[in-house]
Amino acid sequence: MLDPHLFRTDIDAVQVQLKRRAVEFDVERYTQLEKRRKAIQVKTQALQNEKNVISKSIGQAKAKGEDTQPIFDKIGGLGDELKAAEVELAQIQADMLAIMEALPNILDASVPAGKDEDENIELSQWGEKPQFDFEIKDHVDLGVLHQGMDFETGAKITSARFVVLKGQIARLQRALIQFMLDTHIDEHGYDETYVPFIVNADSLYGTGQLPKFADDLFKVSAEPDLYLIPTAEVPVTNIVRDEILEADSLPLKMVCHSPCFRSEAGAYGRDVRGLIRQHQFEKVELVQIVKADESEQAHEALTADAENILQKLGLAYRKVLLCAGDTGFSSTKTYDLEVWLPGQDKFREISSCSNFKDFQARRLKARWRNPETGKPELVHTLNGSGLAAGRTLVAILENYQTVSGDIEIPKVLQSYMGGLTVIKV
RNA sequence: GGAGAGGUGGCUGAGUGGCCGAAAGCGGCGGUCUUGAAAACCGUUGAAGGUUUAUCCCUUCCAAGAGUUCGAAUCUCUUCCUCUCCGCCA
């Protein structure tokens, strides 16, 4: 949610900013609503005040044993008038909220113009793409060859876009998760965090998935409204919902492994083959809660933490700054890390690191108390994948394959694989 | 799932229709005292919004929502949550 104050002080700037996202914001309509809101709020509060004063005087009169009838005569139609004003005010506030909560975050000044992923800016590349002097296989062929990846059975048990992993392939994914968690905890200073994988609607509202993106979620209960998490970002960030944090407790740095569930509505026909786009996948998520003036630096650091995993795994990747049209709804600025996948001859997203500034915090009512003013201030929230484990598994298989179809295990994972150095066919 | 008890400010905890946004204690902040600190004492201390140059003032908020009433933390209904006991169970 954007700052309502901004809408009252510089609404034209809001419009200009939203235009970068190709969002048409109707200033005229909003201004009209705001004008009516103010008038009716003032009227409502005046009526409420009148009611309070009269009611209070009845209480005082009764206490003194005076006749209250003259006071009751003054009330007249006040109640009905007040009720009507309150209803109208509530309606206008609901209309304005509906507009506000559908608006995306304002982009950082450094975000380049552009309408889709083709206009993202590559900032850097790391590592060498492996050279193969044989006909390479993609991760599906490799997984099947090792009898460790079974999409047919996944479809039988559930539906398309689910998979069964077995044997060393399954273990390799688990090794990746453990390695990522340990690295973030021991080297990058994150707190290990375990959370519910089912969340309520308030939590999804807080991080911005609801009300706009309900179609992407799996709903598991209607009463109460409960959903499977699309990412650990939701439960982890919601730890600070409705909280006023002490200054010395910040920054909060949390790392959490979880399964993620996405309905992938609107992704029909995309990445139908393999593990790239599943309804259920494993991810290690980094979340930071920081003071406002620290979030940009934290964003760089968090991204570097994710990059460090790729570097330790020896996977070639590039860092991309998302353009205006590709940056997510709640984000001011997003770096994507794209890993090299030989099977696709392409870089593919494996991590997305975003700075939400106060956008989520405003929805979450997540604040910290500034000792200098004594007043609560909104925190800034950030998160990033560190990394998506399913896609990392894909990258390991494809980048570390040999002519015979064996998979060499990167040094840092070997201890997590019981000392194994290569997964043989 | 069955039975019962509850949800009040940063925390503990009073308050069962009328100066209650809420006693008291703890904590926090400021001060007195002290070489300094502690103790003691005094004062102060919730959030959101409106109006305002600012102060003042006003509105809303006692789990959430609806209702009764001139007036609700307090009465009624619904929902959610927590705790205790029983049952079931990884």
Side-chain angles (χ1 to χ4, degrees), chain A residues 1-9 30-31 33-97 99-101 194-206 210-211 219-227 235 238-250 252 259 289 358 361-379:
Chain A
M1 188 101 69
L2 295 169
D3 184 359
H5 188 67
L6 203 58
F7 286 70
R8 283 181 224 126
T9 52
Y30 188 90
T31 310
L33 276 172
E34 169 62 15
K35 241 170 106 177
R36 273 181 61 210
R37 190 219 101 237
K38 191 175 271 186
I40 289 161
Q41 181 161 341
V42 168
K43 179 183 169 193
T44 303
Q45 292 190 354
L47 289 169
Q48 284 170 330
N49 184 26
E50 199 178 332
K51 179 200 78 176
N52 289 344
V53 168
I54 289 173
S55 294
K56 201 163 270 186
S57 67
I58 290 173
Q60 287 167 343
K62 275 197 170 169
K64 291 183 206 154
E66 294 169 359
D67 181 18
T68 55
Q69 191 54 46
I71 307 176
F72 274 96
D73 292 342
K74 282 201 295 190
I75 294 169
L78 181 62
D80 290 340
E81 205 185 340
L82 173 58
K83 179 130 274 180
E86 281 176 338
V87 167
E88 191 177 359
L89 180 61
Q91 184 56 52
I92 288 178
Q93 286 175 328
D95 289 347
M96 294 182 76
L97 182 64
I99 293 173
M100 294 290 282
E101 66 192 6
Y194 175 83
V195 293
F197 301 150
I198 294 175
V199 293
N200 58 35
D202 286 345
S203 293
L204 288 158
Y205 179 84
L210 288 181
K219 190 169 190 170
V220 292
S221 160
E223 191 60 46
D225 258 8
L226 297 175
Y227 302 80
N238 272 277
I239 287 172
V240 297
R241 170 154 57 87
D242 295 323
E243 298 290 337
I244 300 175
L245 304 162
E246 292 303 322
D248 60 11
S249 71
L250 298 177
L252 288 178
I289 312 293
D358 61 15
R362 188 168 292 107
R363 289 173 165 238
L364 292 161
K365 295 189 179 66
R367 293 161 293 174
W368 66 288
R369 193 175 297 281
N370 187 340
E372 288 176 23
T373 59
K375 291 293 173 191
E377 298 177 12
L378 292 170
V379 298

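Here is the naming used below: chain letters follow the sequence lines, and residue numbers restart at 1 for every chain. Every heavy atom of this structure was used, including side-chain atoms; hydrogens, water molecules and symmetry mates were not.
- Partner assigned to B:rC41 is B:rG31, using Watson-Crick or G-U wobble distances below 3.5 angstrom.
- Atom name C1', nucleotides B:rC29 and B:rC86: the rounded distance is 49 Å, in whole Å.
- One side chain, A:Asp73 or A:Gln69, offers a donor N or O that lies under 3.5 Å from an acceptor on the other.
- Distance, A:Asp202 CG to B:rU79 C1': 13 Å, rounded to whole Å.
- Salt bridge status for A:Glu88 with A:Arg36: present, with a side-chain N to carboxylate O gap under 4.0 Å.
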Treating primed atoms plus P, OP1 and OP2 as sugar-phosphate and everything else as base, which nucleotides of nucleotides 47-75 of chain B get B, S or - for protein heavy atoms under 4.0 Å?
SSBSS------BSS---------BS----
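- No salt bridge links A:Lys83 with A:Glu86; every basic N to acidic carboxylate O contact stays at or beyond 4.0 Å.
- Atom CG of residue A:Leu33 and atom CD1 of residue A:Ile40 lie 9.5 Å apart, to the nearest 0.5 angstrom.
- Rounded to whole Å, the separation between the P atoms of B:rG49 and B:rG25 comes to 32 Å.
- Whole-Å rounding puts the A:Asn200 CG to B:rC81 P distance at 9 Å.
- A:Asp80 CG to A:Leu47 CG: the interatomic distance, rounded to the nearest 0.5 Å, is 11.5 Å.
- B:rC62 and B:rG21 are spaced 12 Å apart, taking the P atom of each and rounding to whole Å.
- Nucleotides B:rG7 and B:rU12 place their C1' atoms 15 Å apart, quoted to the nearest Å.
- Both distances falling under 3.5 Å, in either a Watson-Crick or a G-U wobble arrangement, place B:rG10 opposite B:rC26.
- For B:rG46 and B:rG30, the P atoms lie 16 Å apart once the distance is rounded to whole Å.
- Rounded to whole Å, the separation between the P atoms of B:rC77 and B:rG28 comes to 43 Å.
- Across all strands shown, B:rU51 remains unpaired; no Watson-Crick or G-U wobble contact has both distances below 3.5 Å.
- Of all nucleotides present, only B:rG46 satisfies the Watson-Crick or G-U wobble test against B:rC61, with each distance under 3.5 Å.
- Taking atom CD of residue A:Glu246 and atom P of nucleotide B:rU45, one finds them 19 Å apart after rounding to whole Å.
- Remark: the separation of the P atoms in B:rC61 and B:rA73 is 7 Å, to the nearest Å.
- When both distances must be under 3.5 Å, the Watson-Crick or G-U wobble mate of B:rA90 does not exist.
- One finds the CD1 atom of A:Ile289 at 8.0 Å from the CD1 atom of A:Ile239 (value rounded to the nearest 0.5 Å).
- Partner assigned to B:rC85 is B:rG2, using Watson-Crick or G-U wobble distances below 3.5 angstrom.
- Side chains of A:Ser55 and A:Asn52: a donor-acceptor N/O pair is absent below 3.5 angstrom, by distance only.
- One P atom belongs to B:rA63, the other to B:rG15, and the distance between them is 15 Å to the nearest Å.
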